[in-house]
Amino acid sequence: VYDCVLKWINHDNEKRVGFLAKLMENVRFCLLKHEDLVLISEDPLIKSNLLCMEFIVEAFQFKMIKSNNLELMKFQNDSNAKTRMRPRVP
């Protein structure tokens, strides 16, 4: 999903960059590998958008507290974050 969003944005960057955060909201960054998150966090387009960086930080936080179930439950109580942390169900 991340790659598709970037390709779509980059096809007509000037007109589409305003949709970046809304589209990235649908990417489940929490399910990506740490190495991929690091690469994504270094992307200039992502770095320039505060909301996108918040999604990345949220994913890093999720990965750091994943082993502590109590902290994980508190983190998952945020309804917006909750959907981004779960795998999609067919």
### Query
Do side-chain atoms of N10 reach the backbone of L6 as a donor and acceptor pair under 3.5 angstrom?
yes
Exercise answer: donor-acceptor pairs, residues 37-57 side-chain atoms, under 3.5 Å, sequence neighbours excluded:
{"residue": "S41", "atom": "OG", "partner": "L37", "partner atom": "O", "Å": "3.3"}
{"residue": "S41", "atom": "OG", "partner": "V38", "partner atom": "O", "Å": "2.7"}
{"residue": "D43", "atom": "OD1", "partner": "L45", "partner atom": "N", "Å": "2.7"}
{"residue": "D43", "atom": "OD1", "partner": "I46", "partner atom": "N", "Å": "3.4"}
{"residue": "S48", "atom": "OG", "partner": "P44", "partner atom": "O", "Å": "3.3"}
{"residue": "S48", "atom": "OG", "partner": "L45", "partner atom": "O", "Å": "2.8"}
{"residue": "N49", "atom": "OD1", "partner": "L51", "partner atom": "N", "Å": "3.1"}
{"residue": "N49", "atom": "OD1", "partner": "C52", "partner atom": "N", "Å": "3.0"}

### Message
In the structure I gave you, are the side-chain heavy atoms of W8 and V5 within less than 4.5 Å of one another anywhere?
### Response
no
### Query
Taking side chain as C-beta onward, heavy atoms only, is Y2 less than 4.5 Å from M24?
yes
To the nearest 0.5 angstrom, please state how far the [atom1] atom of [X] sits from the [atom2] atom of [Y].
X: R28; Y: N26; atom1: CZ; atom2: CG; value: 8.5 Å
X: K63; Y: K33; atom1: NZ; atom2: NZ; value: 10.0 Å
X: H11; Y: R16; atom1: NE2; atom2: CZ; value: 5.5 Å

### Set of salt bridge (Lys or Arg N to Asp or Glu O under 4.0 Å) partners for K22, sequence neighbours left out
E25
